[in-house]
Enquirer: 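Before we start, here is the structure in question, set down as structure tokens.
So you know, we letter chains A, B, ... as the sequences are listed, proteins then strands, and number each from 1.
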Amino acid sequence: MRYIGIDFETRSRVDIKKAGAYRYASDLSTDVLCLHAMDSETGEEWTWYPRSGEVFPGTLAESLAEAVLIVASNAEFDKAIWEFIAAPVYGAPSLKHEIWYCSQAQCRVNALPSALEKAARALGIKRRKDPRGNALIKVLSIPDPKTGEFNEDPKLMVEMGEYCAQDVRLMMQVMKLTRWMSATEHRDWLITCDINERGARIDTDLARLCVAYAAQERDEIAKGLTILTKGVITKHTQSVRGRDWVLEQCKHVPAVRSIMTVVKNNEEKRSFDKEIRARLLDMEDDLPNHVVDFIDFMDDGNKSSVAKFQRMLDMAEIDDRVRGAFVFAGAGQTQRFASRGLQLHNMRRDCWNVEQTEELKARMGRNHAINAVMDTLSQLLRPAIIPAPGKKFVVSDWSAIEGRVLPWLTGDPRAEVVLDIYRSGQDIYLHTAATMGLTDSDRQIGKVTTLALGYQGAVGAFTVMGKNYGLYLPEKQVVDIVQKWRRANPWAVDYWRNCERAAVRAMKYPGEYVQIGRCQFVAVEGLIGTTLCGILPDNTVIQYPDARLDYVQTPHGGKTVVSYMKASLTPKADEKEWPRHTLYGGLIAENFTQGTAGALLKHSLRELDDRRAPVVLHVHDEIIMEVPERQTKSRAELLQKVMETLPEWADGLPLKAVPKIMTRYGK
DNA sequence: TGCGGCGGCGCC
DNA sequence: AAAGGGCGCCGCCGCA
């Protein structure tokens, strides 16, 4: 397929890291230094320096008119620069939306790192990195820190053009070594661009008040900590120093050391995180008073999420909207979306309602005191996202999506019992409790069991999940629960085992499609070494790059397992080989389940795109649209219909998604 | 001074 | 044999 690979080099007074690509591109100080382009078919290359008065190269315009795609690394950035600056200011031809294609998105669907350099390294592309790159950016792309002037040195500009050309060539090499996005994946990426361009509106007045209150509280905590520790700790963010200080102050209390001890990667470490602080406060009476006060200060301060308010303000454009928050296929292992910049996927769920938010906002506006400042502020994060005047949010999420998809994916007739519980609207947690011989009063146990054990998790998974719900059980009882759940749900246990076997079989017979429930495995030789592909019911491909069969020793002999390159872990500078992971049944079941839930979301987003529904946010199992007030009813009906109507590939999957209307984002 | 590692936070 | 994993951001800390 003929395409034009491009890369812009730009300069600006805006810090792109802080403000994000969209605010960067729309700022008046942002300008194009050069554009490099290469035709994939003819090999012809162009470097265009528009600031020197060069007109857009005519032969490049001709190639663009004939090419099917225009490809860039993080194409959303290049698209924004093209549309905000290159076309309107310098006369580059205008391009249609559909022509854009992102090589970073292509890397992510291949489960490789997004960033060009990292992807090239993961692919083993041997090249000399141009040492001038970073230096040139520092000199030409940001104003001189002393004079505030931009450097216009024409010689350096030409060097920049050469550096830019190297990046384009490298990108095109990466394109050759990886699987291209399917038409559906490309469309999903384009839909993500639309959502990112729409942006989410921020209550910037509220955000500014929160920033001010957080700063004041931070200073007070700092004062308290400094006095308490005689200057050893001066900020609540000094977690390592704080940890060591507590250990020192409590060395005569042996229990403290043991509570603070955790095992990570087979190594003993001390930790002082939220959960450990809570356990320390449980034995308050045995601790020195000043240590208890210290823990209270750290607890109060450690709502790090309040930093998001500053991020909102940094990224908000003139219309108070934050753009560019969503990353298509950001999660390489499941192909789910990720969120970047202002991370919208991890905002505290437990939050104030509209009335409480307005009251707090009014109090802060009058400079009145508020209680438990940091905690209160972090509960204002979601409500700080608001619709434009005259509009409302229409919101819906799928009920227990993973709990439904997992049994459905197995295709096991014995899993129908579980699916029937969902179909009939019964309480799955009570059902789980009942199958283990527990009563209705043990619903909480049923809930933690359902959430924690589906992916081969055992005592550890249950205990961690239980803590989130304030459930603490003796280990013996947890062992019993795990055993009972697995006996009551043999479809799950068999599925884990069969997933693992299917992966190994597919690796042994490359090219052969191995069916496993409603999914398939196939090993593709010659793609990033050998890539093990998991194919989901909608044909989404989950890739395990550079997969190998390994033989591992076990207490009863040995067995064959599949290992693969883990893109999300970057190797240390001195390590040659990329970090690897080993597949096991529960992990495959989880990747497939989350991937299929993501496929449902992408399907709904396409349906909504067909109907021009203005989606502004989504969070894995939740969709938020911003619609004019008089349309809320019809749009809510549409949203429910789209989310509850099964795609043709999901026959028999019970789905439920009841919509809500909101005037601020909430839970 | 800049950068990467690491501990910590929070959501699905 | 057993195994919770998927994300991204903030801030400190040590190193170059």
Side-chain angles (χ1 to χ4, degrees), chain A residues 17-18 108 111 114 134 138 145 218 233-243 262 264-265 269-277 298-299 301-308 310-311 325-327 329-351 374 378 381-382 397-398 400-403 451-465 468 482 496 500 542 552-559 561 566-573 581-591 593-595 597-598 601 618-622 667:
Chain A
K17 270 197 175 141
K18 261 196 201 165
R108 294 193 299 269
S114 228
N134 286 340
K138 221 171 179 176
R218 199 167 47 231
I233 314 292
T234 55
K235 289 175 177 177
H236 71 265
T237 44
Q238 293 159 341
S239 58
V240 173
R241 248 190 275 177
R243 174 197 70 191
V262 290
K264 209 176 155 188
N265 298 331
K269 286 189 170 174
R270 318 286 160 214
S271 170
F272 189 50
D273 64 16
K274 196 167 92 163
E275 192 258 326
I276 286 170
R277 292 197 302 269
M298 294 296 267
D299 262 341
N302 253 322
K303 303 278 184 271
S304 68
S305 48
V306 299
K308 273 198 190 341
Q310 185 58 53
R311 197 74 154 121
F326 295 97
V327 188
Q333 228 51 79
T334 61
Q335 297 296 297
R336 290 206 296 190
F337 290 97
S339 174
R340 72 176 158 205
L342 177 63
Q343 229 277 55
L344 295 169
H345 278 174
N346 71 344
M347 293 205 288
R348 184 163 173 191
R349 191 180 173 80
D350 175 30
C351 58
M374 293 303 203
S378 75
L381 278 165
R382 282 196 191 208
D397 63 349
W398 279 294
I401 190 65
E402 288 189 29
L451 297 174
L453 303 189
Y455 305 124
Q456 212 173 324
V459 177
F462 186 99
T463 310
V464 171
M465 184 72 75
N468 297 340
V482 171
W496 307 330
E500 201 168 315
I542 303 271
V552 293
Q553 294 295 325
T554 68
H556 305 295
K559 72 170 179 175
V561 295
K566 186 78 178 158
S568 54
L569 308 169
T570 314
K572 297 194 169 63
H581 265 203
T582 302
L583 278 179
Y584 62 91
L587 180 57
I588 297 168
E590 187 199 51
N591 287 173
T593 301
Q594 292 191 342
L601 174 60
H618 49 75
V619 191
H620 303 305
D621 65 353
E622 180 182 22
K667 53 185 155 186

Enquirer: If you check the A:K269 side chain, which of B:dG8, C:dG11, B:dG7 turns out closest?
Expert: B:dG7

Enquirer: By nearest atom, which of the nucleotides C:dG6, B:dC9, C:dC12 is closest to the A:T237 side chain?
Expert: C:dC12

Enquirer: From the options C:dA2, B:dC9, C:dG8, select the nucleotide whose nearest atom is closest to the side chain of A:K274.
Expert: B:dC9

Enquirer: Between C:dA2 and A:Y584, is there a base-stacking contact, meaning the centre of the base's six-membered ring lies under 5.5 Å from the residue's ring centre while the planes stay under 30° apart?
Expert: no

Enquirer: Out of C:dG6, B:dG8, C:dC10, which nucleotide sits closest to the side chain of A:S239?
Expert: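 For the A:S239 side chain, the nearest candidate turns out to be B:dG8.
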
Enquirer: If you only use heavy atoms from C-beta on, which nucleotide in C:dC7, B:dG7, B:dC12 is closest to the side chain of A:Q333?
Expert: C:dC7

Enquirer: Quick check: closest heavy atoms across A:R349 and A:K667, and the distance to 0.1 Å?
Expert: O-CB, 3.3 Å

Enquirer: Which listed nucleotide (C:dG8, C:dC12, C:dC10) is nearest to the side chain of A:Q343?
Expert: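 The nucleotide sitting nearest to the side chain is C:dG8.
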
Enquirer: Using only heavy-atom distances, decide whether a donor-acceptor pair under 3.5 angstrom links the side-chain of A:R336 to the base of B:dC12.
Expert: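 Side chain to base: pair found, below 3.5 Å.
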
Enquirer: Given C:dG11, C:dG6, C:dA2, identify the nucleotide with an atom nearest to the side chain of A:A331.
Expert: C:dG6

Enquirer: Which one, B:dC12, C:dA3, C:dG6, comes nearest to the side chain of A:Q456?
Expert: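 Selected nucleotide (nearest to the side chain): C:dA3.
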
Enquirer: With no hydrogens and no angle check, do the side chains of A:E402 and A:Y455 hold a donor and an acceptor under 3.5 Å apart?
Expert: yes

Enquirer: Choosing from C:dC12, B:dG8, C:dA3, which nucleotide comes nearest the side chain of A:E500?
Expert: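 Given the options C:dC12, B:dG8, C:dA3, the side chain of A:E500 is closest to C:dA3.
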
